[in-house]
Amino acid sequence: AQSVTQLDSQVPVFEEAPVELRCNYSSSVSVYLFWYVQYPNQGLQLLLKYLSGSTLVESINGFEAEFNKSQTSFHLRKPSVHISDTAEYFCALSSNTGKLIFGQGTTLQVKP
Amino acid sequence: KAGVTQTPRYLIKTRGQQVTLSCSPISGHRSVSWYQQTPGQGLQFLFEYFSETQRNKGNFPGRFSGRQFSNSRSEMNVSTLELGDSALYLCASSSLIGNNEQFFGPGTRLTVL
C-alpha cells in the first residue's frame with residue numbers, strides 16, 4: 001500500500017527565517033511526488049512536482065524540494081519565508097493512475 | 001485559460017437528502033478526479049473519470065457516485081446524506097494519463113444538518 005506521512009502538523013516560524021516541511025512516503029513502485037498549498041477557503045494550488053530527472057525541484061516563489069529515493073523523502077524548504085506563505089501545505093504522491101494520495105497536511109504559520 | 005470551476009460553492013442539506021455537485025475541467029483536460037476533504041480524515045480520493053469512464057475508485061460507500069459527460073464535465077452525487085458527509089469536495093482536472101499533475105477547483109463546501 002502507498003502512503004504519505006507529513007511529520008509535522010504545525011510549523012510556526014518567524015518572518016524571514018528558513019523553514020523545512022518534512023514529507024516521507026512509502027511505495028513499492030515508482031512514484032511522482034507533489035507539494036500543494038491551500039489558502040483559507042480555497043482549493044489546492046500546485047507548488048512543485050517531481051516527475052523524473054533532477055532530484056531538486058524549485059517553484060517560482062522560492063520554495064524547493066529534494067527527492068531522496070534512499071530515504072523515501074520529499075522535504076519542502078524555503079530559505080526565507082514571508083507572512084504571505086502562511087497556509088496549509090500538502091505532500092502527495094501518485095503512481096501511474098489518476099489518484100493522488102495525500103499526507104495529513106502541515107500548517108505553516110509565519111509570525112511577524 | 002479558465003481554471004477548474006465547481007458549482008455550487010456552498011450547499012446546506014439535511015440528513016437523508018441527496019446532492020449533486022458539478023465540476024467543469026480546464027479546457028482540453030479529459031481526466032477529472034474528485035476528493036473529499038475533512039478535518040479528521042484529510043484529503044481522500046473518491047474517483048477518477050477519463051473519457052466518460054470511471055478509471056479509479058476510492059474506498060467510499062456506494063452512496064457516492066459520479067459520471068462524466070462527453071464534454072469532460074463531471075458530476076458527483078451523494079445519496080441518503082449523513083452528518084459525516086459534511087466536507088469540502090474538491091474536483092481536479094488533468095490533461096495527460098500517467099502525468100498526474102492535477103489542477104484543483106475551489107471546492108464545494110457541503111454542510112449536512
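Each chain gets a letter, A, B and so on, in the order its sequence line appears, and its residues count up from 1. For the numbers below, each heavy atom of this structure counts, side chains included, while hydrogens, waters and symmetry mates do not.
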Proximal to chain B - members of residues 103-112 of chain A, heavy-atom separation under 4.5 Å: A/Gln104
Shared hydrophobic cluster for A/Leu100 and A/Leu48 (ILVMFWY, side-chain gaps under 4.5 Å): no
Any residue of residues 104-113 of chain B which, by heavy atoms, sits under 4.5 Å from chain A: B/Phe104, B/Gly105, B/Pro106
ILVMFWY cluster, A/Tyr39 and A/Leu76 together (side-chain gap under 4.5 Å): yes
Path from A/Ile83 to A/Tyr89 over hydrophobic side-chain contacts below 4.5 Å: yes
Side-chain ion pair, A/Lys99 and B/Glu48, N-O less than 4.0 Å: no
B/Gln37 side, atom CD; A/Phe90 side, atom CZ - distance, nearest 0.5 Å: 4.5 Å
Within-4.5 Å side-chain heavy-atom neighbours: A/Phe34 and B/Gln102: no
Engaged part of A/Gln38 at the chain B interface, taking heavy atoms whose separation is under 4.5 Å: side chain
Within one Ile-Leu-Val-Met-Phe-Trp-Tyr cluster: A/Val4 and A/Val37, side-chain cutoff 4.5 Å: yes
Linked, directly or transitively: A/Leu47 and A/Phe74 (ILVMFWY side chains, under 4.5 Å): yes
B/Tyr35 OH to A/Leu44 CG distance, which is reported to the nearest 0.5 Å: 9.5 Å
Heavy-atom contact with chain A under 4.5 Å, split by part of B/Leu90: side chain
Within 6.0 Å of CZ in B/Arg15, more than 12 heavy atoms from elsewhere: no
Evaluation steps, side chain to side chain contact (heavy atoms under 4.5 Å, CB included), between A/Ile101 and B/Phe45: CA-CA 7 Å; A/Ile101 297 171; B/Phe45 171 77; over 6 Å; no
Minimal non-hydrogen separation, A/Gln42 against B/Leu88, with atom names: O-CD2, 4.4 Å
